[in-house]
Amino acid sequence: QLQLAESGGGSVQPGGSLRLSCSASGYFGDKWTIAWFRQAPGKEREGVSCANFRAWIPNYGDSVKGRFTIDTDSGSETVYLQMDSLKPEDTGVYYCAAAWAPYSNTCTMDGRYDHWGRGTQVTVSS
């Protein structure tokens with residue numbers, strides 16, 4: 001059972017940056033798709049970004065394109081979400097999730113993700 005844990009959340013002023021981390025109980029390898037989602041109070045969960053370890057072709061939600069970057073370390077043990085130019089509407093709980101995808105080179109945030117972390121709070125406020 002893959003276990004995920006997020007870290008790096010916090011409070012930041014508009015225009016600031018945060019770097020979230022998602023670590024796995026083992027290492028991801030090239031058969032997983034990893035994604036970041038977020039949920040603001042009173043709103044539905046929103047896909048933020050995803051990538052498949054096989055080819056690492058990132059996909060981003062429209063609201064974060066050009067501001068957020070998903071990346072990983074060389075050992076595929078941790079996945080990061082670099083968030084720049086943060087806005088108040090980026091506030092929410094951020095979750096990382098993983099899906100078993102041994103034959104995929106691309107990813108979608110509309111797919112089924114079976115493994116989830118507990119989330120980390122991000123607050124953007126002046």
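Residues that satisfy the ring pair (Phe, Tyr, Trp, His ring centres under 6.0 Å) test with Phe37, not counting sequence neighbours, are Tyr113, Trp116. Applying the side-chain contact (heavy atoms from CB on, under 4.5 Å) rule to Ser23 yields the partners Ala5, Thr78; only residues at least two apart in sequence or on another chain are considered. Scanning for salt bridge (Lys or Arg N to Asp or Glu O under 4.0 Å) contacts around Lys65 gives Asp62, with sequence neighbours left out. Listed by chain and number, the residues in a side-chain hydrogen bond (donor to acceptor under 3.5 Å, both in side chains) with Thr33 are Asn52 (sequence neighbours excluded).
You'll find the side chain of Val122 reaches within 4.5 Å of the side chain of Leu20, heavy atoms only. Side-chain contact between Cys22 and Trp36: present, with at least one pair of heavy atoms (C-beta onward) separated by less than 4.5 Å. In this structure, Lys87 and Arg67 have side chains that are in contact, with non-hydrogen atoms separated by less than 4.5 Å.
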Show me, pair by pair, the donor-acceptor contacts under 3.5 angstrom made by side chains of residues 9-17, not counting sequence neighbours?
from: Ser17; atom 1: OG; to: Asp84; atom 2: OD1; distance (Å): 2.7

For residues 93-105, which side-chain N or O atoms pair as donor and acceptor with protein atoms under 3.5 Å away, sequence neighbours left out?
from: Tyr94; atom 1: OH; to: Arg38; atom 2: NH1; distance (Å): 2.9
from: Tyr94; atom 1: OH; to: Asp90; atom 2: O; distance (Å): 2.5
from: Asn105; atom 1: OD1; to: Arg54; atom 2: NE; distance (Å): 3.0

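Sequence neighbours left out, the pairs with a member in residues 43-92 that pass disulfide bond (SG atoms under 2.5 Å apart) are Cys50-Cys107. Residue pairs meeting the salt bridge (Lys or Arg N to Asp or Glu O under 4.0 Å) criterion with at least one partner in residues 116-126, sequence neighbours excluded, do not occur; the list is empty. Counting only residues at least two apart or on different chains, the salt bridge (Lys or Arg N to Asp or Glu O under 4.0 Å) pairs with a member in residues 18-36 are Arg19-Asp71. The salt bridge (Lys or Arg N to Asp or Glu O under 4.0 Å) contacts involving residues 106-115 comprise Arg112-Asp114, where partners must be two or more places apart or lie in separate chains. Within the structure, ring-ring contact (aromatic ring centres under 6.0 Å, His included) pairs that include any residue of residues 50-74 comprise Phe28-Phe53, Phe53-Trp56 (at least two apart or interchain). Listed by first and then second residue, the disulfide bond (SG atoms under 2.5 Å apart) pairs that reach into residues 56-88 come to none, sequence neighbours excluded.
Distance CG/Leu2 to NE2/His115: 5.5 Å, rounded to 0.5 Å. We find the NZ-CD distance between Lys43 and Glu89 to be 8.0 Å, quoted to the nearest 0.5 Å. Here the OH atom belonging to Tyr80 is positioned 9.0 Å from the OG atom belonging to Ser7, to the nearest 0.5 angstrom. From Leu18, atom CG reaches atom OG1 of Thr120 across 8.5 Å, with rounding to the nearest 0.5 Å. Distance OG/Ser21 to CG/Leu4: 12.5 Å, rounded to 0.5 Å. Note that the CD1 atom of Ile70 and the CD atom of Gln82 stand 12.5 Å from one another [nearest 0.5 Å].
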For this session: Run the numbers on Leu81 and Ser49 for side chain to side chain contact (heavy atoms under 4.5 Å, CB included), then give the verdict.
Result: CA-CA 8 Å; Leu81 184 69; Ser49 182; 4.3 Å; yes
Exercise. Between Thr91 and Gln121, does a side chain to side chain contact (heavy atoms under 4.5 Å, CB included) hold up when you go through it step by step?
Worked result: CA-CA 8 Å; Thr91 295; Gln121 176 70 43; 4.1 Å; yes
